[in-house]
Amino acid sequence: MSRRFDAIIIGAGQAGPSLAGRLTGAGMAVALVERKLFGGTCVNTGCMPTKTLVASAYAAHLARRSADYGVMLDAPPRIDMARVKARADTVARNARTGVETWLRGMERCTVLQGAARFEAPDAVRVGDQLLSAPRIFINVGGRAIVPPLRGIDTVPYLTNTSILMLDKVPAHLVVIGGSYIGLEFAQMQRRFGAEVTVVEMGPRLVQREDPEVSSAIQDILEGEGIRVRTAATCITLAPDARGVAVGVDCTAGEPEIAGSHVLLAVGRRPNTDDLGLDKAGVKTDAKGYIVVDDGLATSVPGIWALGDCNGRGAFTHTAYNDFEIVAANLLDGATRKLSDRIPAYALYIDPPLGRVGMTETAARQGSRKLLVAKRPMTRVGRAIEKGETQGFMKVVADAETQQILGAAILGTGGDEAIHGILDMMNAGATYPALQRAVPIHPTVSELIPTVLGDLQPA
Ligand SMILES: Cc1cc2nc3c(=O)[nH]c(=O)nc-3n(C[C@H](O)[C@H](O)[C@H](O)COP(=O)(O)OP(=O)(O)OC[C@H]3O[C@@H](n4cnc5c(N)ncnc54)[C@H](O)[C@@H]3O)c2cc1C
């Protein structure tokens with residue numbers, strides 16, 4: 001069967017559904033195709049369930065520390081992992097149902113369930129239906145990489161998706177990959193009671209961050225009893241009576257770790273390999289990401305790629321911003337650009353890391369004269385009052401233009417407080433403008449002007 005639409009959207013992740021809303025609102029007949037779960041990664045196996053679990057882990061952590069606050073519990077807290085899981089499942093299910101209900105009730109939107117595959121630059125097949133449209137939007141997201149480690153086929157392993165199915169706490173979780181996703185799972189499982197070892201191939205954790213951020217994060221995790229093995233240059237897997245033996249060719253420490261479970265958290269790859277992109281002539285890069293221009297257009301006129309699959313962002317807010325750019329340019333006559341986006345994100349360990357703009361390391365690679373200031377959270381009143389003084393905040397600015405180039409807030413409330421800096425950067429304001437703001441007391445944000453006052457040539 002052949003059907004014609006004004007637009008086809010492939011994927012009901014973070015950009016597709018909102019785009020369907022705008023396009024149908026503008027009077028277009030839209031086909032939206034989803035092959036699996038409405039809401040995509042963030043809703044089902046990413047942000048939402050993980051942050052729900054992180055909240056449970058935080059509750060467990062606070063309960064264990066309750067005496068620090070003068071709150072005496074008569075027995076140590078006990079984790080009911082089935083209930084913890086049920087809570088995360090409910091949050092994800094409610095969000096997924098919300099997205100699906102919204103789309104199915106959307107006027108002029110035809111929802112199709114199945115895998116979409118291009119047959120021509122303007123035609124996509126979904127099962128026995130051939131859909132065509134002058135505009136096609138690809139929002140297919142990505143999935144966990146399963147690296148070709150020696151022995152990978154001989155042992156069971158977990159990914160960010162399958163680990164969410166656990167309703168028992170692993171005895172010993174070995175996390176392969178010491179970056180954003182791996183560290184969130186490592187800390188939460190430790191707080192649920194698992195023994196946890198993080199194995200990282202590189203010389204330090206979260207290598208995209210400044211070394212002092214990596215080392216502060218390592219201190220936080222090790223302080224909770226997580227073992228960290230960096231420089232694990234040759235990781236191997238083999239069956240073991242306790243579960244899985246992970247060979248780690250590290251410069252120091254035992255050459256092998258026996259874990260009950262292994263989580264692979266070594267990165268993600270785009271879902272572009274089975275899309276038939278060659279039939280449409282859509283170009284991808286060496287890693288399979290769809291090549292897009294500053295307005296998210298692909299190499300084929302009439303086809304756009306939004307979200308993780310274009311490799312220009314790896315977050316829900318970047319996928320959503322892709323939608324905003326495309327919708328504004330197509331429907332509102334705007335000229336919004338991807339390159340206007342200031343990178344910002346958070347790492348949701350506890351305390352969280354809020355990040356915006358350049359790292360100090362990246363800023364130093366340019367020829368700018370820099371100003372840098374840093375303040376430990378032990379000197380932030382709000383952190384002291386909350387009894388959460390780990391971490392620090394750091395700001396990097398351009399000495400000549402007085403523009404803030406980047407910042408990191410690793411500390412309680414860091415994921416929220418960073419927005420004060422992000423907003424000023426987006427407004428194009430200089431750092432003295434932020435110094436004149438009168439922030440609320442007592443907050444973490446109120447110390448940002450003080451940090452700016454400490455900026456020194458670096
Ligand atoms: C464990 C984890 C934690 C995360 N935490 C955060 C966080 O805290 N904050 C944050 O900003 N980001 C987080 N992310 C990243 C975030 O989930 C993604 O960046 C975001 O979901 C990307 O949205 P998207 O729309 O590009 O793709 P997705 O959300 O992946 O959606 C793509 C959709 O396309 C569908 N699809 C794929 N191929 C086809 C096809 N051929 N036909 C039809 N449908 C298809 C898929 O089934 C899927 O539903 C996390 C990710 C993970 C894995």
Side-chain angles (χ1 to χ4, degrees), residues 8-20 31-55 88 92 95-96 99-100 103 111-118 124-127 129 131 136-145 158-164 175 177 179-186 188 263-277 288-290 292 296 304-323 326 343-349 352-355 415:
I8 298 168
I9 299 171
I10 307 175
Q14 297 308 303
S18 301
L19 187 60
L32 187 140
V33 192
E34 171 52 54
R35 73 174 174 192
K36 214 168 169 199
L37 300 174
F38 289 83
T41 307
C42 181
V43 163
N44 297 289
T45 57
C47 338
M48 296 196 76
T50 58
K51 266 79 258 183
T52 309
L53 293 171
V54 164
R96 177 170 65 243
V99 174
E100 182 168 0
L103 286 169
V111 175
L112 294 125
Q113 282 233 252
R117 212 182 149 81
F118 278 93
V124 161
R125 175 166 296 282
V126 183
Q129 306 203 47
L131 319 177
I136 301 182
F137 303 92
I138 307 171
N139 177 219
V140 292
R143 62 185 186 277
I145 289 176
L158 299 165
T159 65
N160 70 279
T161 303
S162 51
I163 195 172
L164 298 175
V175 178
S179 202
Y180 306 90
I181 290 176
L183 296 188
E184 289 181 13
F185 279 112
M188 82 170 69
L263 169 67
L264 300 177
V266 296
R268 295 178 62 76
R269 55 182 291 195
N271 289 327
T272 53
D273 34 357
D274 56 355
L275 257 183
L277 290 176
Y289 289 103
I290 298 173
V292 290
L296 284 316
W304 290 259
L306 301 84
D308 283 12
C309 68
N310 64 31
R312 305 292 287 271
F315 302 100
T316 285
H317 48 280
T318 49
Y320 188 79
N321 182 236
D322 286 358
F323 142 68
V326 167
Y345 51 87
L347 163 61
Y348 288 94
I349 56 162
L353 169 70
R355 277 274 298 111
D415 53 331

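One-based numbering, in listed order, for ligands and for the atoms of each. The figures that follow rest on heavy atoms only: side chains count, while hydrogens, waters and symmetry mates do not. The first residue of the sequence shown is numbered 1, and numbering continues consecutively from there. This structure is a prediction, so every number in the text was calculated from the model and none was measured.
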(message) Which residue and atom name correspond to the protein heavy atom nearest atom 53 (C) of ligand 1, and how close is it?
(response) N160 ND2, 3.2 Å

(message) If you compare all heavy atoms of N139 against all heavy atoms of L306, which two are closest, and at what distance to 0.1 Å?
(response) ND2-O, 3.2 Å

(request) Using heavy-atom distances, let me know which of G39, G46, G182 sits nearest atom 3 (C) of ligand 1. (result) G46

(message) Within the structure, is a non-hydrogen atom of G16 found at a distance of less than 4.0 Å from ligand 1?
(response) no

(message) Looking at every heavy atom in both A20 and L103, which two are closest together, and how far apart are they?
(response) CB-CD2, 4.1 Å

(message) Suppose we measure from atom 16 (C) of ligand 1 to each protein heavy atom; which comes out shortest, and what is that distance?
(response) T316 OG1, 3.7 Å

(message) Need the ligand 1 atom indices (1-based, order shown) with element for anything under 4.0 Å from a heavy-atom of G40.
(response) 29 (O), 31 (O), 48 (C), 49 (O)

(request) Report yes if some N/O of A116 lies less than 3.5 Å from some N/O of ligand 1; otherwise report no. (result) yes

(request) For ligand 1, note which part of D308 has a heavy atom under 4.0 Å away: side chain, backbone, both or neither. (result) both

(message) Treating Q14 as the side-chain partner and G39 as the backbone partner, does any N or O pair qualify as donor plus acceptor under 3.5 Å?
(response) yes

(request) Can you pull out the closest protein heavy atom to atom 24 (P) of ligand 1? Residue, atom name and distance to 0.1 Å, please. (result) N139 ND2, 3.6 Å

(message) Does only the side chain of R117 get under 4.0 Å from ligand 1, or the backbone, or both, or neither? Count heavy atoms.
(response) neither

(message) To check your reading of the model: name the closest protein heavy atom to atom 14 (N) of ligand 1, its residue, and the distance in Å.
(response) C47 SG, 3.8 Å

(request) Grab the two heavy atoms, one from A346 and one from D415, that are nearest each other, plus how far apart they are. (result) CB-CB, 4.0 Å

(request) Name the option, out of Q113, R143, R268, E34, that contains the heavy atom nearest to atom 35 (C) of ligand 1. (result) E34

(message) Heavy atoms only: which of K36, R35, Q14, E184 lies closest to atom 44 (N) of ligand 1?
(response) R35

(message) Which residue and atom name correspond to the protein heavy atom nearest atom 37 (C) of ligand 1, and how close is it?
(response) V140 O, 3.2 Å

(request) Answer with side chain, backbone, both or neither: which part of T41 has a heavy atom less than 4.0 angstrom from an atom of ligand 1? (result) both

(request) Indicate yes or no: does R35 engage D274 in a salt bridge with an N to O separation below 4.0 Å. (result) yes

(request) Just jot down the ligand 1 atoms closer than 4.0 angstrom to any heavy atom of G114, in number order. (result) 42 (N), 43 (C)

(message) Counting non-hydrogen protein atoms only, what is the nearest one to atom 31 (O) of ligand 1? Give residue, atom name and distance.
(response) G13 CA, 3.2 Å

(message) List ligand 1 atoms under 4.0 Å from L275, heavy atoms only on the residue side.
(response) 41 (N)

(message) Can you tell me if V126 contacts ligand 1 (heavy atom of the residue under 4.0 Å from the ligand)?
(response) no

(request) Give the contacting part of D274 toward ligand 1: side chain, backbone, both or neither, where contact means a heavy-atom distance below 4.0 Å. (result) neither

(message) For ligand 1 and C42, I'd like to know whether there is a polar contact (N/O to N/O, distance under 3.5 Å).
(response) yes

(message) Checking contacts here: is it the side chain or the backbone of Y348 that comes within 4.0 Å of ligand 1, counting heavy atoms only? Could be both or neither.
(response) side chain

(request) Report the part of I181 in contact with ligand 1, treating N, CA, C, O as backbone and CB onward as side chain, heavy atoms under 4.0 Å; options are side chain, backbone, both, neither. (result) side chain

(request) Please state which part of A314 comes within less than 4.0 Å of ligand 1, counting heavy atoms only: side chain, backbone, both or neither. (result) backbone

(request) Quick one: look up the protein heavy atom nearest atom 27 (O) of ligand 1 and list residue, atom name and how far away it is. (result) G141 CA, 3.2 Å

(message) Checking contacts here: is it the side chain or the backbone of L37 that comes within 4.0 Å of ligand 1, counting heavy atoms only? Could be both or neither.
(response) backbone

(request) Have a look at ligand 1 and work out which part of A319, if any, has a heavy atom under 4.0 Å from it: side chain, backbone, both or neither. (result) side chain

(request) On the 0 to 90° scale, with breaks at 30° and 60°, tag the Y345-Y180 ring pair as parallel, tilted or perpendicular. (result) perpendicular

(request) Check ligand 1 against K51 and write out every atom of the ligand that is under 4.0 Å from a heavy-atom position of the residue. (result) 5 (N), 6 (C), 7 (C), 8 (O)

